[in-house]
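Contents: one structure, followed by commentary.
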2 protein chains.
Amino acid sequence: MLKKERHDIVMRQINLHNRVLTSDLVQLLDVSEDTIRRDLQELSDQNLLYKVHGGALSKSYHSTFDDSTVYAKEAKIIIAKKTIPLIKDGMVILTGGGTTIIELVKQLPENLQATFFTISPLVAVELAKYPKVEVILIGGLFSKNSQITYGGHVINQLAEINADLCLLGTSALHPKDGLTDTDWEINQLKKRMLSSSRKSAVLCISEKLNISLRLKVTALENISYLITELSPADVKLEEYHVNGLKLL
Amino acid sequence: MLKKERHDIVMRQINLHNRVLTSDLVQLLDVSEDTIRRDLQELSDQNLLYKVHGGALSKSYHSTFDDSTVYAKEAKIIIAKKTIPLIKDGMVILTGGGTTIIELVKQLPENLQATFFTISPLVAVELAKYPKVEVILIGGLFSKNSQITYGGHVINQLAEINADLCLLGTSALHPKDGLTDTDWEINQLKKRMLSSSRKSAVLCISEKLNISLRLKVTALENISYLITELSPADVKLEEYHVNGLKLL
DNA sequence: ATATTAGTTGCAAAAAGCCGCATAAACCCG
DNA sequence: CGGGTTTATGCGGCTTTTTGCAACTAATAT
């Protein structure tokens with residue numbers, strides 16, 4: 001392995017995850033810690049990354065958005081890791097927005113080969129870091145609150161899509177009322193996304209369970225997978241064991 | 001074995017694998033290390049590959065991660081400030097992507113009331129911070145390099161838009177050749193953007209002046225405003241005083 | 001506060017590279 | 001054709017780069 005190649009790989013990791021651990025790189029590149037440290041030192045000298053105890057950070061991750069403030073990040077990472085196995089090479093995937101989905105994207109395998117449709121610009125930017133992933137951003141009116149595109153134009157385009165899997169973050173989930181929301185437009189959007197997709201996965205941190213909002217998107221039965229940070233056997237999930245819904 | 005033959009073989013290996021090791025080439029070509037080194041040196045002098053300790057890398061593969069810390073930021077802020085007066089309440093504006101445009105967006109007046117169409121997710125996210133601005137993100141294939149949407153779908157949507165002003169960042173500008181570019185798709189895109197808009201402003205840091213790339217987007221005459229960080233009276237801009245083009 | 005983990009510095013061995021020189025083949029030209 | 005010139009290649013010695021190890025220090029965690 002040439003030194004420059006290692007440097008490139010390190011930079012790729014950094015751009016992908018905004019951070020690298022020395023120990024991870026030792027495994028990944030199969031060289032001694034000293035070599036990794038020297039690599040990081042050199043890249044740092046070239047102002048390409050920010051070296052810290054234990055690894056290094058991206059110099060410019062403020063460009064997209066600051067993820068140190070992501071709420072319940074640990075839980076979201078657990079959810080992301082559980083979701084990965086659902087995603088396989090060759091699939092066509094439709095995603096919504098939100099920090100949970102972004103965490104998921106950051107955990108995707110490096111060489112995933114898939115097509116992603118998304119209504120979230122930030123998700124698109126994250127996805128673009130994967131060389132073999134095709135990203136299609138669905139355009140339309142841009143919502144200032146939820147940072148996704150919405151409105152008739154988006155719905156129309158969604159109608160033309162036939163995805164294998166739809167990944168949704170959640171505002172609220174309830175055993176009886178299913179997936180619910182507060183905003184009429186977003187509600188329409190989610191309905192359309194679900195029907196444009198063969199299967200669907202709802203990513204939901206546990207504190208959003210057992211909440212029900214004004215507008216119903218769909219019943220639990222119409223969701224394929226529910227992914228939380230809890231074990232499927234957890235008592236909090238007891239009421240969610242319904243037909244057709246697989247808990248992860 | 002002729003030298004030229006060796007060079008060809010080396011280049012084929014490079015294009016195939018993106019890398020070659022000196023030691024591999026010694027075996028493959030059955031010559032001394034010194035000869036291989038001289039070969040690589042010569043090919044490197046001709047800018048055909050990137051020489052490193054231990055071998056060489058493909059020039060295209062060798063990713064240029066550099067200046068993620070926005071390059072020539074000062075100049076870009078000056079340009080942004082000069083551009084602001086062109087933007088008035090009620091206008092419909094079409095923008096491209098790039099760091100110059102993002103700087104511009106950051107300098108917009110807080111209470112601007114306008115409609116923006118953009119092909120850049122990052123610009124959309126920035127624009128969303130202005131409460132009275134309506135943002136429409138034009139969707140389509142997402143380009144990993146330039147971080148904008150492109151392709152037929154984008155062109156089609158642009159065709160339906162009638163904007164007052166089109167704001168473009170620049171890859172290269174030349175007094176004779178006008179606005180030029182290297183990528184065919186991006187080229188088409190810019191052409192379409194210009195014709196979907198009544199007026200157009202090109203934002204261009206001075207070091208990109210007098211450079212001409214392979215593909216022509218449009219002549220200087222078809223641009224309404226050229227905005228650089230220089231004074232309009234600067235000698236470097238002498239050749240840009242043409243009919244219909246206003247320097248700022 | 002102490003154990004653990006990460007980092008630093010200096011050193012040595014191996015690998016790669018560089019420089020000058022010698023040789024031989026190819027070329028040039030009257 | 002023949003002498004001078006250029007070009008291509010390999011060799012030997014010397015330098016630089018890269019890497020891992022060991023001893024020691026600094027930072028972090030329990």
Side-chain angles (χ1 to χ4, degrees), chain A residues 1-59 61 66-70 72-78 81 106 229, chain B residues 1-59 61-66:
Chain A
M1 165 102 44
L2 298 168
K3 185 159 78 141
K4 186 75 177 74
E5 288 184 294
R6 277 203 321 270
H7 286 193
D8 284 349
I9 291 173
V10 170
M11 286 313 295
R12 236 184 84 61
Q13 289 291 319
I14 286 245
N15 286 337
L16 212 52
H17 302 116
N18 287 327
R19 60 187 275 253
V20 283
L21 303 183
T22 309
S23 51
D24 286 354
L25 289 175
V26 168
Q27 286 211 355
L28 180 68
L29 301 172
D30 197 31
V31 286
S32 74
E33 292 199 350
D34 299 74
T35 301
I36 294 296
R37 292 213 183 85
R38 271 184 285 244
D39 285 345
L40 294 180
Q41 186 60 55
E42 282 161 35
L43 291 167
S44 168
D45 290 346
Q46 290 169 54
N47 246 300
L48 294 174
L49 50 73
Y50 182 65
K51 196 163 166 296
V52 294
H53 198 101
L57 298 172
S58 160
K59 242 204 148 182
Y61 67 112
D66 183 6
D67 73 354
S68 61
T69 58
V70 172
K73 197 170 168 188
E74 292 311 312
K76 286 175 180 173
I77 291 175
I78 296 174
K81 291 201 167 141
K106 287 187 178 168
E229 80 275 23
Chain B
M1 164 104 41
L2 267 35
K3 185 156 78 140
K4 185 73 172 69
E5 287 182 287
R6 278 203 319 271
H7 285 196
D8 286 349
I9 292 174
V10 170
M11 286 314 295
R12 210 169 50 241
Q13 290 291 318
I14 285 246
N15 290 331
L16 214 53
H17 304 113
N18 283 326
R19 64 180 277 219
V20 283
L21 303 183
T22 309
S23 51
D24 286 356
L25 290 176
V26 168
Q27 288 211 355
L28 180 67
L29 302 172
D30 196 32
V31 285
S32 74
E33 292 200 348
D34 298 74
T35 302
I36 295 296
R37 287 205 191 90
R38 273 184 282 244
D39 285 345
L40 294 181
Q41 186 59 56
E42 283 161 33
L43 291 168
S44 169
D45 289 345
Q46 291 169 54
N47 245 305
L48 295 174
L49 49 72
Y50 183 74
K51 196 164 167 297
V52 296
H53 196 100
L57 297 171
S58 154
K59 196 100 210 223
Y61 171 75
H62 162 241
S63 36
T64 46
F65 287 116
D66 46 0

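Values reported hereafter were calculated over all heavy atoms of this structure, with side chains retained and with hydrogens, waters and symmetry mates removed. Just so it is clear, the structure is predicted and the values come from calculations on it, not from any experiment.
- B:Thr35 is listed as a side-chain neighbour of B:Arg6, based on a closest heavy-atom distance under 4.5 Å.
- The CD-P distance, from A:Gln41 to D:dG20, rounds to 17 Å in whole Å.
- Side-chain to base pairing of A:Arg38 with D:dG20: one donor and one acceptor N or O lie within less than 3.5 Å of each other.
- Protein atom CG of B:Leu40 is 16 Å distant from nucleotide atom C1' of D:dA8, rounded to whole Å.
- An OP1 or OP2 oxygen of D:dG10 is reached within less than 4.0 angstrom by a side-chain nitrogen or oxygen of B:Thr35.
- Of the candidates D:dG12, D:dC21, D:dT17, D:dT17 carries the atom nearest the B:His53 side chain, counting heavy atoms from C-beta on.
- With rounding to whole Å, A:Leu21 atom CG is found 15 Å from C:dT5 atom P.
- Of the candidates D:dG10, C:dG7, D:dG20, the closest approach to any side-chain atom of A:Lys51 belongs to C:dG7.
- Nearest-nucleotide mapping onto DNA chain C: of B:Ser23 and A:Gly55, the residue sitting toward the 5' end is A:Gly55.
- Rounding to the nearest 0.5 Å places NZ of B:Lys3 at 7.0 Å from CG of B:Asp39.
- Rounded to an integer number of Å, the gap from B:Asp34 CG to C:dC19 C1' is 10 Å.
- Taking OG1 from A:Thr22 and NE2 from A:His53, the interatomic distance works out to 8.5 Å, rounded to the nearest 0.5 Å.
- Atom CG of residue A:Leu57 and atom CG of residue A:Leu49 lie 8.5 Å apart, to the nearest 0.5 angstrom.
- Each of A:Arg37 and B:Gly54 was assigned the nucleotide of DNA chain C with the nearest heavy atom; the assignment lying further toward the 5' end belongs to A:Arg37.
- Atom CD of B:Glu33 is separated from atom P of C:dC19 by 16 Å (rounded to the nearest Å).
- For D:dT19, the OP1/OP2 oxygens have a side-chain nitrogen or oxygen of A:Arg6 closer than 4.0 Å.
- Look at CG on B:Asp24: it is 15 Å from P on C:dA15, rounded to the nearest Å.
- Distance CD1 (B:Ile36) to C1' (D:dT9): 12 Å, rounded to an integer number of Å.
- Counting non-hydrogen atoms under 4.0 angstrom, A:Val26 reaches nothing in the nucleic acid.
- A sub-4.0 Å separation between OP1 or OP2 of C:dA25 and a side-chain N or O of B:Lys3 is absent.
- Nucleic acid contact class of B:Thr22 (heavy atoms, under 4.0 Å, all strands): sugar-phosphate only.
- As a whole-Å value, the separation of B:Glu42 CD from D:dT9 P is 9 Å.
- No side-chain heavy atom of B:Ile9 sits less than 4.5 Å from a side-chain heavy atom of B:Leu25.
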